[in-house]
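Every value quoted in this text rests on a predicted model; they were computed, and no experiment measured them.
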Amino acid sequence: MSFFQVGRSPNMTNNSKVLALKYRPQTFKDLIGHEEIATSIYNSIKINRSANAFLFTGIRGIGKTTFARIVAKALNCENALENICKKKCNHCDQIANSSHIDVLEIDAASKTGVDDVRELIEFSRYPPTVAKFKIFIIDEVHMLSKQAFNALLKTLEEPPKYLKFIFATTEVKKIPITVISRCQRYDLSRVKSEELFVYLKNITIKEKKDVEDNAIKLIVKLSEGSVRDALSLLDRAIISSNENSLKFEDAQKIFGYVNKSAYIELLEIIFLGDEEKIIDHYRKLYDSGIEPNLFLNDFLEVLYFVKNISYIENGGNNFSLNDSDYKKITSLSKKIDPNALLLFWEFTLKTLKEINIVANPNLLVEMFLVQLTYLKEKNVIKNDQQNKINKTSLKNIDLKNNINKDAINQIKNVTQEEKKIEKKNTLEINNLEDLIKMCFEKKEMKLKYELENNVNLVSFSNMNIEISFNDKLNKSFVKDLSEKLYDWTKNRWLISFSKEKGEMSEKDKKNILKKKDIKEYESSNEFKNLLKVLPDIELIDIEKNYD
């Protein structure tokens, strides 16, 4: 088995390094966002009670391998008790450069087999050459095979005194619990936005770059709590900028980021029902470089903010909204019915699932936006101008002289909605019981059976049915029910599946009521008298007569 160690190129100066390497933490004090974990590990090393094996988990770029190297340095540093290399030593420099003879970094993605691990265990029988501990750092340890993990178990539990293991992984669930239980586990959480902002701000000062605070906030948002991603994005932004300064508008162009205000404006147009403006607005976003999949995710984020803006504070750790967008969303949320937002949310999620099915996702998104105008309720936007128009007879309005273009669009919207109302069937289906009753009246016994026996209701409102189901549900159920509902009501219904358990089926409800009635009757005097006459009698069903 060969172990490859990568050293620093003698021609690579500190200034030529990318920021992620140049500012890689070298001691516990350099780490951000994980002070409690750093203190815990340092104290255990200081009193000589460190674990046999460490396991660091977390998202990409959060500092797992960096933490592993710092722990390795702390274990072998000649000045460990004086807080790690205030005075430089040979061990720390070599560990930082991945060139220490007793500290071996192994990529589990390329060393996955049981034979590799057996050679590793064989190699571990020899004591360290120059350091206090022999340390194996295994990155992406979840890639090891099941047999390889089993081979490690005994050595992990009772290793030689000079041997330490340090594991790093992004997918801790793939590691056998028997291995995890033999390690001291540390979960590295995402770095808070405010801490990451201060960290990047200090780096721009050291690099003598003038970067606007809003540009740094955008980088923090895009990094999603990953320090390495944040440094890589900052590096890219600085290099892409022609001057020493970086403005927010320039950062938006570099990262292809679309302002929230564009989505807020789109949402307003959707509720006004102007299809032409909707398509035109989206195409401008698409031409700016945004992908359909990313557009839908960003649209979901805006829906979330509009629905929950009253619970969100602007400032502090929230870098998702600037002051202008925060005010716009606060104003818009007061005009929009929350039920419509929830319906939009469900429909957007459904579209996201279907986006990979079609050959041209861009067309799917355009049709999705048009469909949203037909999902909204008539008076979702409650502005005064539209209310006045609703009360005015369209026949008495002089379109040429009395109203502006915005009013025309609103009138078109009202007219469209009135046509929809005229088309509505007199049949009303307000809940699952109504639907089952309708199936019975229309002699759709197959659908009635499925609804009663194999469907668990999660929610039922505004022509939107959300269900969970068992394995017996017919595959064509949704298609058949959708067609029948359209035939009966002349409206399109949205039927979606949920991961929630939902209510019990109608059949189970009836069985519970039946058992309750039987139990009540069995305790009655009438049934006790029957038992005296017929001791072998068994009550199997009750039919109540309410006449």
Side-chain angles (χ1 to χ4, degrees), residues 3-10 12 14 17 19-58 61-108 120 123-124 126-141 159-169 183-188 191 199 227-228 231:
F3 298 102
F4 296 95
Q5 297 181 332
V6 181
R8 179 167 56 187
S9 170
M12 181 181 282
N14 200 39
K17 285 184 176 181
L19 294 180
L21 295 178
K22 185 177 180 180
Y23 292 97
R24 191 169 199 168
Q26 299 300 322
T27 67
F28 285 127
K29 284 191 173 181
D30 295 336
L31 292 163
I32 63 167
H34 311 298
E35 289 79 6
E36 298 85 359
I37 294 175
T39 302
S40 173
I41 295 175
Y42 175 72
N43 288 339
S44 69
I45 294 172
K46 194 173 181 179
I47 62 175
N48 201 25
R49 290 184 61 183
S50 60
N52 297 328
F54 298 85
L55 173 61
F56 294 105
T57 74
I62 202 66
K64 300 181 294 297
T65 307
T66 297
F67 233 121
R69 288 180 181 175
I70 292 174
V71 171
K73 287 197 284 187
L75 288 166
N76 282 332
C77 181
E78 295 170 359
N79 308 303
L81 297 179
E82 300 172 21
N83 201 354
I84 308 175
C85 268
K86 283 185 177 180
K87 300 175 182 178
K88 287 288 182 181
C89 71
N90 292 328
H91 294 305
C92 288
D93 281 342
Q94 291 176 18
I95 292 170
N97 297 331
S98 301
S99 59
H100 197 288
I101 193 171
D102 292 322
V103 179
L104 304 177
E105 288 192 33
I106 304 159
D107 179 16
L120 180 70
F123 187 69
S124 70
Y126 302 100
T129 305
V130 293
K132 183 178 178 182
F133 292 101
K134 176 170 281 189
I135 300 172
F136 294 137
I137 299 174
I138 304 181
D139 198 14
E140 299 302 337
V141 68
K161 290 182 179 180
Y162 56 77
L163 183 63
K164 301 286 184 183
F165 287 93
I166 306 178
F167 300 139
T169 180
C183 302
Q184 198 165 81
R185 174 177 170 177
Y186 295 99
D187 294 292
L188 305 183
V191 177
Y199 179 69
V227 183
R228 184 177 63 220
L231 289 171

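Each of L231, L19, V227, T65 was compared with R24 under the side-chain contact (heavy atoms from CB on, under 4.5 Å) criterion, and only T65 meets it.
If you take CG on L21 and CZ on R228, they are separated by 10.0 Å, rounding to the nearest 0.5 Å. The NE2 atom of H34 lies 12.5 Å from the OG1 atom of T39; values are rounded to the nearest 0.5 Å. I62 contributes atom CD1, which lies 7.0 Å from atom CG of L188 (distance to the nearest 0.5 angstrom). To the nearest 0.5 angstrom, R69 atom CZ is 12.5 Å from I135 atom CD1. Taking CD1 of I95 as the reference point, atom CD of E105 lies at 9.5 Å (rounded to 0.5 Å). Here CZ of F67 is found 5.5 Å from CZ of F56. Values are rounded to the nearest 0.5 Å.
For the pair L163 and F133, the tightest heavy-atom approach, listed with the atom from each and the gap, is N-CD2, 4.5 Å. Pairing each heavy atom of G58 with each of K64, the nearest pair is O-NZ, 3.5 Å. The minimum heavy-atom distance linking A74 with F28 is given by the pair CB-CE1, 3.9 Å. A pairwise comparison of heavy atoms in A72 and I137 identifies CB-CD1, 4.3 Å as the closest pair. In terms of heavy atoms, I37 sits closest to D187 at CD1-O, 3.8 Å. Contact between I45 and V71 at its shortest, heavy atoms only, is CD1-O, 4.3 Å.
For the pair K134 and F123, the distance from NZ or CZ to the six-membered ring centre is under 6.0 Å and the angle to the ring normal is within 45 degrees.
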Exercise. Where do Y23 and D30 land on the side chain to side chain contact (heavy atoms under 4.5 Å, CB included) test, with the steps shown first?
Worked result: CA-CA 9 Å; Y23 292 97; D30 295 336; over 6 Å; no
Problem set entry | Stepwise side chain to side chain contact (heavy atoms under 4.5 Å, CB included) check, H100 with V130 | CA-CA 9 Å; H100 197 288; V130 293; 3.9 Å; yes
For this session: Please test L75 against V103 for side chain to side chain contact (heavy atoms under 4.5 Å, CB included), starting from the C-alpha separation and ending with a verdict.
Result: CA-CA 11 Å; L75 288 166; V103 179; over 6 Å; no
For this session: Tell me, with the steps shown, if K132 and H91 meet side chain to side chain contact (heavy atoms under 4.5 Å, CB included).
Result: CA-CA 10 Å; K132 183 178 178 182; H91 294 305; over 6 Å; no
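Partners of A108 according to the side chain to side chain contact (heavy atoms under 4.5 Å, CB included) rule, which considers only residues two or more places apart in sequence or in another chain, are I138, M143, L144.
Panel note: side chain N76, backbone A131; no donor-acceptor pair is recorded below 3.5 Å.
Residues F165 and L55 have side chains not in contact (no heavy-atom distance under 4.5 Å, counting atoms from C-beta outward).
Aromatic ring pairs are classed by plane angle as parallel below 30°, tilted from 30° to 60° and perpendicular above 60°; the pair F54 and Y186 is parallel.
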